[in-house]
K.L.:
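Sharing a structure below in structure tokens format, with a few things to ask.
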There are 2 protein chains.
Amino acid sequence: MLDTAGCPDCKRINDVLSRVGDRWSVLVVISLARDGTLRFNELKKNLGISQRMLSLTLKELERDGLVHRTYHPTIPPKVEYTLTEMGQSFREPVSALGYWALENLTKIDAARQAYDKSVAK
Amino acid sequence: MLDTAGCPDCKRINDVLSRVGDRWSVLVVISLARDGTLRFNELKKNLGISQRMLSLTLKELERDGLVHRTYHPTIPPKVEYTLTEMGQSFREPVSALGYWALENLTKIDAARQAYDKSVAK
DNA sequence: CGGAATCCCATAAGATACTG
DNA sequence: CAGTATCTTATGGGATTCCG
């Protein structure tokens with residue numbers, strides 16, 4: 001695995017990032033945090049995620065205890081997803097990341113343009 | 001913000017996360033936040049990252065305006081990396097994520113074991 | 001020392017088709 | 001509707017080599 005001997009904090013950060021740090025997990029948690037309860041296809045539609053990746057992501061989040069899955073054996077079937085208590089608590093740090101992303105997107109774009117311009121010639 | 005109807009911001013959040021959300025970028029920022037200034041091979045040694053990935057990651061971070069690069073044209077050459085102001089601000093949401101991780105990793109492990117146990121037979 | 005350039009492989013992830 | 005199975009392509013990332 002990864003050698004993080006020189007950065008003990010990196011070990012911990014790396015642990016959590018490898019579990020719930022991928023962008024689909026983050027976006028699913030954000031969506032559920034805001035809407036409370038969502039069905040499979042509602043998430044799919046909202047996030048623009050492929051069916052396969054949503055299925056895999058939700059299964060992982062459920063396994064990690066962040067998301068609760070409720071299956072209604074009706075016809076047609078209906079499956080609802082909500083955040084667990086731990087999932088709710090995850091909302092805070094994730095929201096912090098989300099807000100930072102929104103606040104700095106334009107600055108990043110500006111930095112990129114400046115960089116590309118200075119490198120161009 | 002994040003509480004608007006639909007999930008229009010998910011696209012933009014996704015944009016930013018796909019830029020600075022990868023594991024190597026996060027680990028580089030954490031290292032620089034802790035040590036202040038680091039040379040190329042110091043980062044390489046600390047993170048256990050390959051030369052290629054470190055080079056690519058640093059170039060991207062510099063382009064995004066998160067990392068500042070100082071080249072000393074000595075023999076042998078010496079290159080130092082530090083965080084920009086925006087890079088420093090990125091550390092806050094990442095640290096929040098780290099703290100959450102520290103508090104919840106054992107719970108996640110427990111949830112996983114319970115899940116795997118309930119699924120197996 | 002600090003990269004850049006190749007090569008190569010493992011995995012991620014989209015598209016598609018099928019099912020209860 | 002909510003998945004699963006399969007195929008295929010795209011990407012990540014290590015190892016190696018070479019250069020100013």
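So that the names make sense, note that chain A is the first sequence line, chain B the second, and so on, each numbered from 1.
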K.L.:
Does B:Thr84 reach the main-chain N or O of B:His68 with its side chain, forming a donor-acceptor pair under 3.5 Å?
P.N.:
no
K.L.:
Can you list everything that forms a salt bridge (charged side-chain N to carboxylate O under 4.0 Å, His left out) with B:Glu62? Sequence neighbours excluded, please.
P.N.:
none
K.L.:
Would a 4.5 Å heavy-atom cut-off, applied to side chains only, mark A:Arg69 and A:Val79 as touching?
P.N.:
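Result yes, sub-4.5 Å side-chain heavy-atom pair found.
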K.L.:
How close or far is atom P of D:dG14 from atom NZ of B:Lys44, stated in whole angstroms?
P.N.:
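Distance, rounded to whole Å: 10 Å.
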K.L.:
Please give, in whole Å, the distance from D:dG13 C1' to B:Leu54 CG?
P.N.:
13 Å
K.L.:
What's the CZ-P distance between A:Arg23 and D:dT11, to the nearest Å?
P.N.:
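It works out to 11 Å between those atoms.
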K.L.:
Taking CE from A:Met53 and P from D:dG3, how many angstroms apart are they, rounded to a whole number?
P.N.:
15 Å
K.L.:
So does A:Asp64 pair up with B:Lys107, basic N to acidic O under 4.0 Å?
P.N.:
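Here A:Asp64 does not pair with B:Lys107 in a salt bridge, since their nearest N and O are not under 4.0 Å apart.
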K.L.:
Taking 4.0 angstrom as the limit, do B:Glu42 and B:Arg39 come out as a salt bridge?
P.N.:
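Between B:Arg39 and B:Glu42 there is no salt bridge, as every charged N stays at least 4.0 Å from the carboxylate O atoms.
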K.L.:
For the pair made of CH2 in B:Trp24 and C1' in D:dG12, what is the distance, rounded to whole Å?
P.N.:
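That distance rounds to 11 Å.
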K.L.:
Side-chain donor-acceptor pair under 3.5 Å between A:Ser25 and A:Asp22, yes or no?
P.N.:
yes
K.L.:
Can a donor-acceptor pair be found, under 3.5 Å and without considering hydrogens, that links the side chain of B:Ser31 to the backbone of B:Val28?
P.N.:
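No.
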K.L.:
What is the distance, to the nearest angstrom, from the CD atom on A:Glu62 to the P atom on D:dA2?
P.N.:
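Result: 15 Å.
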K.L.:
Using the rule side chain to side chain contact (heavy atoms under 4.5 Å, CB included), only one of B:Leu66, B:Val67, B:Thr82 pairs with B:Leu32; which is it?
P.N.:
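Of B:Leu66, B:Val67, B:Thr82, side chain to side chain contact (heavy atoms under 4.5 Å, CB included) with B:Leu32 is met by B:Val67 alone.
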K.L.:
Can you list the steps and then say if A:Leu38 with A:Tyr81 is a side-chain contact (heavy atoms from CB on, under 4.5 Å)?
P.N.:
CA-CA 5 Å; A:Leu38 287 171; A:Tyr81 293 91; 5.6 Å; no
K.L.:
I need a per-nucleotide contact map over nucleotides 15-20 of chain D, read 5' to 3'. Cutoff is protein heavy atoms under 4.0 Å; write B for the base, S for backbone only, - otherwise.
P.N.:
B-B--B
K.L.:
Go through DNA chain C in 5' to 3' direction and return only the first and the last nucleotide with some atom under 4.0 Å of chain B's heavy atoms.
P.N.:
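Contact boundaries, 5' end first: C:dC1 to C:dT6.
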K.L.:
Atom CG of B:Asp22 to atom P of D:dG13: distance rounded to whole Å?
P.N.:
7 Å
K.L.:
Could you tell me the separation between the CD atom of B:Glu60 and the C1' atom of D:dG12, rounded to a whole number of Å?
P.N.:
14 Å
